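See structure below.
Given the structure is predicted, the values throughout are model-derived calculations rather than measurements. The chains referred to below are lettered A, B, ... by the order of the sequence lines, with proteins before strands, and numbering in each begins at 1.
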Amino acid sequence: MNTVTNSAVDDFKDSAGPSGDAIEIDELMVRFGSRDILRSITARVAFGRITGLLGPSGAGKTTLMRVIVGVQRFTAGRVRVLGRPAGAPELRHAVGYVTQAPSVYADLTVTENLRYFARLVGVDQTRIDDILTLVDLRTQAHQLAGTLSGGELSRASLAIALLGKPKLLVLDEPTVGLDPLLRRSLWRTFHDLAADGVTLLVSTHVMDEADRCDDLMLLRDGQVLAAGTGVELRERAHAATIEDAFLTLAGATP
Amino acid sequence: MTNRPIRRRQTSTTGTRTAAKAEAGHNRSLAGVGGRFRTAWRSERPHAAAAMATAIRVVNQLRRDHRTLALILLMPPGILALFRYVYDAHPAIFARIGAPLLGIFPLVIMFVVTSIAMLRERRTGTLERLMTLPIAKIDILAGYALAFGAVAVVQTVVAVAIGVGLLDVHTHGHTTALAALAILAALFGMAFGLFVSAFARTEFQAVQFMPALLFPQLILGGLFAPRDEFPRVLEIVSDILPLSYVYDAVVRALAGDSSGLFWRDVGIIAGATVVALLLGAATLRRRTR
């Protein structure tokens, strides 16, 4: 199995559309039966930046992320990820996805989990050691995943997604239920990754995390309320905080 | 089965790539592009290493679950012992059903264990994670097949050894053939379990698939009454159920019959296993809902 080398990753960047965005979404619709989960979403996610996907629960954040990583069927629209149609097989080497509920094997140790996924994405033991250090799970390396605390478990889930050196990381509420200290250390990791050129899309319903993102996308009722940097959004809504901006913008578009 | 759409997708991506490169004015060699696509193609193609990694992972999970392992290994001889002593006064009956029971137990247990294992994989989100990674769907099933196939071999050897050695199961000198048939049947049970797990939304449903889908096959398989004495409708139904052929094959093997009919039975069981695995692969969807 091939390791994703940096040159292969650069290939993805070269092949992006003229706009040069990591994710391009045009008029995306997702409908379950008669219920519209996403209604005509058009959005861009820039390369090498942290984009925060904000919105109340039920806004469609998870569905949008699942479309981007290629596990969610959609009704209409066009979604391109790193220049390819979402879900294209070659993207499986380049996109890391961390679900809201940690998806690790509870009856395996942290290392056994990592070893299995490392074999699938084609990386070796040194990479496993590096990742364990990165997510601060060295002391828990030989502990059963089922016995980890909530925070440790979500870091284990993140570790698996980081194994293959993904060019795009899609993280669904990665800091939910974590203590403030851990939250800060995870965000530091995210910024380090972005500094290395990784594009991150992070969903959260905690508004104070918005300030840690480079770009923001406000989602409500399956629609993009607004998108831009935090400063832009606050100015547009004449609000002091992102939370106020969200409320103002939500009120303006009933 | 999956080759055609992939090739089409590749061609279209090549087109976009070439266009994008032209647009960006890049001047990279086409050989690099080809290499990239071979990598992409490999991620959909069955890959022995991925299946092996999955098999090792499944065995590691089972290894930790001592109680399940004990049940898998000791339940078949335990239940066989019950039959042996319940029919203590009727040795002729046990002589008739003992060996076929040995051939069928591993199938039943593998069916239950694998259907729950796959359901768990679906419900904990690990299957969805696998679907975003470069692993072919058939490799996931092949990994399960390898792991549970190995378990089935151990289980069968233990059951046959105890059955023949301690419980006086009569194999008329065809012990090896009986064990081989039991393993083949266990593989079918495993493949069938992997397939039907797709139709269970909860563990409650999955455990009931055993009585719902296997008991009728057991009853109609010939173990309790000869199939040719059934009412016509039931006989026709029994003709299309795989377990009937397991029973027939065991009876023929014990009689020393290695004619075309015996091999036809074996072929039907093997064919049903392959069909169940392919149907199982079809139920694994990269994109859902």
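You'll find the side chain of Val198(A) stays beyond 4.5 Å of the side chain of Leu168(A), heavy atoms only. Looking at heavy atoms from C-beta onward, Ile68(A) lies in side-chain contact with Leu201(A) at the 4.5 angstrom threshold. Arg127(A) places a side-chain heavy atom less than 4.5 Å from the side chain of Leu163(A). Proximity of Met217(A) to Val224(A): side-chain heavy atoms (C-beta onward) are separated by under 4.5 Å at one or more points.
Only the side chain of Arg129(B) has a heavy atom closer than 4.5 Å to any heavy atom of chain A. With a 4.5 angstrom heavy-atom cutoff, Thr109(A) touches chain B via backbone and side-chain atoms both. Proximity to chain B involves both the backbone and the side chain of Ile160(A), based on heavy atoms less than 4.5 angstrom apart.
Most heavy-atom pairs under 4.5 Å with chain A, from the set Thr126(B), Asn60(B), Ile56(B): that is Thr126(B). If you tally non-hydrogen atom pairs under 4.5 Å between each of Leu130(B), Asp65(B), Thr124(B), Leu62(B) and chain A, the highest count goes to Leu130(B).
Pairs passing the salt bridge (Lys or Arg N to Asp or Glu O under 4.0 Å) check and including a residue from residues 200-211 of chain B, sequence neighbours excluded, read Arg123(B)-Glu203(B).
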* **Worked verdict on Arg57(B) versus Glu121(B) for salt bridge (charged side-chain N to carboxylate O under 4.0 Å, His left out)** => CA-CA 12 Å; Arg57(B) 186 261 294 171; Glu121(B) 184 107 57; 3.1 Å; yes
* Test Lys165(A) against Asp196(A) for salt bridge (charged side-chain N to carboxylate O under 4.0 Å, His left out), laying out the working first. => CA-CA 11 Å; Lys165(A) 296 188 182 166; Asp196(A) 283 345; over 6 Å; no
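A salt bridge is absent between Glu128(B) and Arg285(B): the closest approach of a Lys/Arg side-chain nitrogen to an acidic carboxylate oxygen does not fall below 4.0 angstrom.
Of all residues in residues 100-107 of chain A, those placing a non-hydrogen atom less than 4.5 angstrom from a non-hydrogen atom of chain B are Pro102(A), Ser103(A), Val104(A), Tyr105(A), Asp107(A).
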